[in-house]
Amino acid sequence: MRHLAALSCVLLACTAPIRIPEASVVAASKLPGRGVEVCVLMQERLVRSRVEGVAEWSFEPWQFGIASVVVKHPAGLVMIDPAFGRDVANDLARSPKLFAALMGPARTKHPLVDVMQTAGIDPKDISLALATHTHWDHIGALGDLPNARVVLARGELEWARGLSRFFDEGVITSHLARARERLFWFDFKGPARDGFPSSFDVFGDGSIVAVPLPGHTPGSTGFLVKLTDGRTALFSGDTSWTSRGIEAPVHKNPLVPIDGDVDQTGDSLGLLHAISKARPDILVIPAHDAAALEQLPACTSRP
Ligand SMILES: [Zn+2]
């Protein structure tokens, strides 16, 4: 019976309401500064169905990806969402069976360090690691970046540190433990911008600005990155897995109850929707939409 109820939920898009702010709220600012180069390190690339990503009964293809983003800042190389660690296969083998089935086999998942080697980037050269949240597929490689300071939103770090069981709430606590000596936190102490109530300017130069996107996890964070072409990328993590979720807007498929606070996720999703409509200068890039990620260049080794 419960399965039937859940299935009808999918069919009826039975999800929490999504509050969408007025366009004027998000029409505000542009990041200052000259912009930075970014590139993408894809670690998994699959074609799934739309219904797997959002509460829509559609089998249109979902270009699914798991990736990390490298930002070439004058102060050093920055990694956003260092995804799969060297031991991703072991992590999956130890995970709950239902989850492992949902995530698929390890053979399609490439550890970040291997992809970096192909791209000619030395893991030792990453000086700062940021993460949209602390789920297993966003910080799995923290331990493989030995010189990176790891800087997370305080609410996210405190939440994740309070978890203890393996794979509790989608977090593998050993991922944080492997970077134990290098963990730092920030508060969103900066001004409101682009509809977000507050912000945190990572370098103080407007090149990377963290903004709160709570809901999926308590301290989920978006990163506004000023690009060299004048546009801004907004790495929006898992508030929505897909651009379709933001465009509609529509929640994830409720059969996969992964959002910690669904109402709060709806508010964050509504804000992303409003930004994507009102701000053509902002590219909103959900963490698992390969088509969105591929608007940015892939990291390749220099000739
Ligand atoms: Zn994710």
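All ligand and atom numbering here is 1-based and tracks the order in the structure.
- Residues passing the salt bridge (charged side-chain N to carboxylate O under 4.0 Å, His left out) test with Asp144 are Arg86, Arg178, sequence neighbours excluded.
- For Phe223 and Phe235, the distance between ring centers is not under 6.0 angstrom.
- In this view, Asp81 and Thr132, His138 satisfy the side-chain hydrogen bond (donor to acceptor under 3.5 Å, both in side chains) rule, not counting sequence neighbours.
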Residues 111-131, side-chain donor-acceptor partners within the protein, below 3.5 Å, at least two apart:
unit_1 : atom_1 : unit_2 : atom_2 : d
Thr118 : OG1    : Asp114 : O      : 3.1
Asp122 : OD1    : Lys124 : N      : 2.9
Ser127 : OG     : Leu77  : O      : 3.3

ring-ring contact (aromatic ring centres under 6.0 Å, His included) between His73 and Phe203, worked out: CA-CA 9 Å; His73 190 273; Phe203 288 103; 3.7 Å; yes
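- Within the 6.0 Å centre-distance limit, the rings of Phe99 and Trp136 are counted as a close aromatic pair.
- Excluding waters, the protein N/O/S atoms found under 2.8 Å from the Zn ion (ligand 1) are Asp137 OD2, His138 NE2, Asp238 OD2, His288 NE2.
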